[in-house]
Amino acid sequence: MKEINEVTRERAGLVGLNCAGLAGFDNSDPDAMAELEQLLETAGGQCVFTATQNRNSPDPRTFIGEGKAQEIARLVQQNEVELLVFDNEISPSQTRALEEIVKCRVMDRNGLILDIFADRAKTSEGKLQVELAQYQYLLPRLSGMWSHLTRQTAGGGRSPIGTRGPGETQLETDRRHIRQRIARLEREIETVKQVRATQRRKRRKRETPLVALAGYTNAGKSTLLNALTGAGVHANDRLFDTLDPTTKSYKMQDGGEILISDTVGFIRKLPHHLVDAFKATLEELTYADILVHVVDASSDVWQSQMQVVESLIAELGAQETPRIVVFNKCDLLPGEFHPRMTGAVHISARQGQGLDRLMEAIEQTLSRFKRQVEFTLPYDRASVLDMLYREADVKQAEYRPEGVAVIAVCDSQTLGRLREWVPDTRPKEEWED
């Protein structure tokens, strides 16, 4: 069976460019190329060869230069390669020029990631977001796909019968259709955003804290959610295994309840189309009370992966949200050779190690939102006092003729249940619908 699978996998070559004209993560280094190979395998392809090029600046026509393109064309022919994947983002015109030289399909890292997302999305929301990103990626590349058609010409020239005059070419028809589809998808995603906003307002009314798991793809966020809540989220050791967000409740030791939300994993050079399309989902990060940044401690490049995640969190406007750094997969590290960072928690979600320390850190961070309140509780509402003994720190419960004089230290969730007697001192915009 393995041999059959190997035969059916698409044979592909990987190409990367490293030059001073490209900034930061846009360059292709050995780590980026290794990650690109993982992406290819995730998409169902087989890496046949890898080629890199060093230049002072990208070539305007072929990106890697004519000579290198010819060299890769020979590798494509010798290895019967069907697909060439570039680690860098290449323009539609560069894609067309390269396809003419290498005589096989050419795509870039963005196109590969979009293909993986399309395969992984299971919910209607996820499919909407991926479809929008795909159309936005496809629109500027349409002309190359229709290069086999004769274009309509205004100043003479030959055109196929039926395409002359003021009518649309197939290319123009497709562009119009895709723009209409993009507009429709954007309206549907806006509806999704409104639904999520309604859910957030209801959550804020209940004052249930939200803890959002963020991190690089394959850092172990879904495994951690499963370990904490028994969510049963599908979790495998592969890139982008989870696209659709899952939120589960968790009962704290003090009786309080929090919500823990899993989010889509980040990756270097994540296509902007995807970031924009998935903002309806990623907005959860901006509304979270705490971000748990899950880091794969077993990765040799965990520091650069952290940098990618932090930059995307900042791009989404969540850089001020309280953060807990969690180094996961510590069971894969020898002895005490663990990454060091002030305030970080070291765990193994798969082995269940260190989860108690993580929850202590979350509880301590949430405790910053607690406050002491004093109020008089009517005797006919004595059940509220029972709730306070279970879920808050009751400092005083003195029985007086007018009712029970209560002094208690409460978290935000419990305070939400005391609004009848305790004024809400938060800024108006935080509680107003």
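Keep in mind the model is a prediction, meaning the values are calculated, not measured. We number each residue from 1, following the sequence as shown.
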Undergrad: Do other residues, nucleotides or ligands put more than 12 heavy atoms under 6.0 Å from the CD atom of Glu186?
TA: yes

Undergrad: Please give me the minimum heavy-atom distance between Arg181 and Glu188, naming the atom from each residue.
TA: NH1-OE2, 4.2 Å

Undergrad: To the nearest 0.5 Å, what is the distance between CG on Leu312 and CD on Glu310?
TA: 10.0 Å

Undergrad: For residues Leu355 and Ala227, report the shortest heavy-atom separation together with the two atoms involved.
TA: CD1-CB, 3.7 Å

Undergrad: Mark yes or no for whether Asn79, through its side chain, and Leu75, through its backbone, hold a donor-acceptor pair below 3.5 Å.
TA: yes

Undergrad: Just checking, is any N or O donor in the side chain of Asp262 or Thr246 under 3.5 Å from an acceptor N or O on the other one?
TA: no

Undergrad: Taking the side chain as everything from C-beta on, heavy atoms only, tell me whether Val326 gets closer than 4.5 Å to Val295.
TA: no

Undergrad: Can you tell me how the ring of Phe327 sits relative to the ring of His346, calling it parallel under 30°, perpendicular over 60° and tilted otherwise?
TA: parallel

Undergrad: Heavy atoms only: give me the nearest Val102-Ala69 pair and the separation to one decimal.
TA: CG1-O, 4.0 Å

Undergrad: Could you go through the side chain to side chain contact (heavy atoms under 4.5 Å, CB included) check for Glu257 and Glu391 one step at a time?
TA: CA-CA 9 Å; Glu257 182 185 11; Glu391 301 184 10; over 6 Å; no

Undergrad: Can you tell me how far apart CG (Leu139) and CZ (Arg175) are? Round to the nearest 0.5 Å.
TA: 7.0 Å

Undergrad: If you measure only the distance, is there a donor-acceptor pair under 3.5 Å linking the side chains of Ser91 and Gln94?
TA: yes

Undergrad: Test salt bridge (Lys or Arg N to Asp or Glu O under 4.0 Å) on Glu35 and Arg109 and set out the steps.
TA: CA-CA 10 Å; Glu35 188 173 81; Arg109 184 187 181 99; 2.3 Å; yes

Undergrad: Working to the nearest 0.5 Å, report the span between CD1 of Ile313 and CE of Met306.
TA: 9.0 Å

Undergrad: Could you walk me through whether Lys221 and Asp296 pass salt bridge (Lys or Arg N to Asp or Glu O under 4.0 Å), step by step?
TA: CA-CA 10 Å; Lys221 299 180 296 300; Asp296 180 358; over 6 Å; no

Undergrad: For Leu14 and Phe86, run side chain to side chain contact (heavy atoms under 4.5 Å, CB included): C-alpha distance rounded to whole Å, both residues' side-chain angles, the deciding distance at 0.1 Å, then the answer.
TA: CA-CA 6 Å; Leu14 307 181; Phe86 276 71; over 6 Å; no

Undergrad: Report yes if some heavy atom in the side chain of Leu84 is under 4.5 Å from a heavy atom in the side chain of Leu98; otherwise report no.
TA: no

Undergrad: Does a side-chain heavy-atom distance below 4.5 Å link Gln129 with Ile189?
TA: yes

Undergrad: Is the side chain of Thr365 donor-acceptor paired with the backbone N or O of Ala361 at a distance under 3.5 Å, no angle test?
TA: yes

Undergrad: Kindly compute the distance separating OG1 (Thr95) from CD1 (Ile90), expressed to the nearest 0.5 Å.
TA: 3.5 Å

Undergrad: Salt bridge (Lys or Arg N to Asp or Glu O under 4.0 Å) for Glu71 and Lys68? Distances and angles first, verdict last.
TA: CA-CA 5 Å; Glu71 177 187 327; Lys68 192 68 174 181; 3.4 Å; yes

Undergrad: Carefully, step by step, assess Arg350 and Lys329 under the rule side chain to side chain contact (heavy atoms under 4.5 Å, CB included).
TA: CA-CA 8 Å; Arg350 190 171 297 278; Lys329 305 186 184 182; over 6 Å; no

Undergrad: Using atom types as modelled and distance alone, determine if a side-chain donor or acceptor of Tyr216 lies under 3.5 Å from a backbone N or O of Ser304.
TA: no

Undergrad: Is there a donor-acceptor pair under 3.5 Å between the side chain of Asn328 and the backbone N or O of Ala349?
TA: yes

Undergrad: Answer yes when Glu131 and Arg184 have at least one side-chain N-carboxylate O distance shorter than 4.0 Å, and no when they do not.
TA: no

Undergrad: Sub-3.5 Å donor-acceptor pair from the side chain of Asp59 to the main-chain atoms of Ile64, do we have one?
TA: no

Undergrad: Let me see the working for Val81 and Phe49 under side chain to side chain contact (heavy atoms under 4.5 Å, CB included), right down to the final yes or no.
TA: CA-CA 9 Å; Val81 163; Phe49 70 83; 3.6 Å; yes

Undergrad: Could you check if a side-chain atom of Ile324 sits within less than 4.5 angstrom of a side-chain atom of Ile362, using non-hydrogen atoms only?
TA: yes

Undergrad: Ignoring hydrogens, what is the shortest heavy-atom contact between Pro339 and Trp302? Give both atom names and the distance.
TA: CB-CZ2, 3.5 Å

Undergrad: Using side-chain heavy atoms (C-beta onward) and a distance below 4.5 Å, is Asn27 in contact with Leu17?
TA: no

Undergrad: Check whether any side-chain heavy atom of Met387 lies under 4.5 Å from a side-chain heavy atom of Arg417, and answer yes or no.
TA: yes

Undergrad: With a 4.0 Å cut-off, would you call Arg179 and Asp174 a salt bridge?
TA: no

Undergrad: By side chain to side chain contact (heavy atoms under 4.5 Å, CB included), which residues pair with Gln353, not counting sequence neighbours?
TA: Asp331, Ser348, Gln351

Undergrad: Taking only Lys NZ, Arg NE, NH1 and NH2, and the carboxylate oxygens of Asp or Glu, determine whether Arg96 and Glu99 approach each other closer than 4.0 Å.
TA: no

Undergrad: With sequence neighbours left out, what residues match Ala212 under side chain to side chain contact (heavy atoms under 4.5 Å, CB included)?
TA: Leu285, Ala288, Leu291

Undergrad: Rounded to the nearest 0.5 Å, what's the gap from CD1 on Ile178 to CZ on Arg176? Could you check?
TA: 11.5 Å

Undergrad: Closest heavy-atom contact between Gln305 and Ser299?
TA: NE2-OG, 3.5 Å

Undergrad: Taking the side chain as everything from C-beta on, heavy atoms only, tell me whether Ile258 gets closer than 4.5 Å to Leu366.
TA: yes

Undergrad: Keeping Thr263 on the side-chain end and Leu213 on the backbone end, is there a donor-acceptor pair under 3.5 Å?
TA: yes

Undergrad: Name the residue from Asn54, Thr50, Thr52, Asn88 that meets the side-chain hydrogen bond (donor to acceptor under 3.5 Å, both in side chains) definition with Ser28.
TA: Asn88

Undergrad: Does one side chain, of Asn226 or Thr223, offer a donor that lies under 3.5 Å from an acceptor on the other?
TA: no

Undergrad: Has the side chain of Arg323 got a donor or acceptor atom that lies under 3.5 Å from a matching backbone atom of Thr321?
TA: yes

Undergrad: Using the salt bridge (Lys or Arg N to Asp or Glu O under 4.0 Å) rule, take Asp87 and Lys269 through it: C-alpha gap first, then chi angles, then the decisive distance, then the call.
TA: CA-CA 9 Å; Asp87 182 55; Lys269 308 178 188 177; 2.4 Å; yes

Undergrad: Determine whether more than 12 heavy atoms belonging to other residues, nucleotides or ligands lie under 6.0 Å from atom CD of Gln180.
TA: yes

Undergrad: Any side-chain heavy atom of Ile113 within less than 4.5 Å of one from Ile267?
TA: yes

Undergrad: At what distance, to the nearest 0.5 angstrom, does OG of Ser93 lie from CZ of Arg61?
TA: 9.5 Å

Undergrad: Quick check: closest heavy atoms across Ala219 and Val294, and the distance to 0.1 Å?
TA: CB-O, 3.5 Å

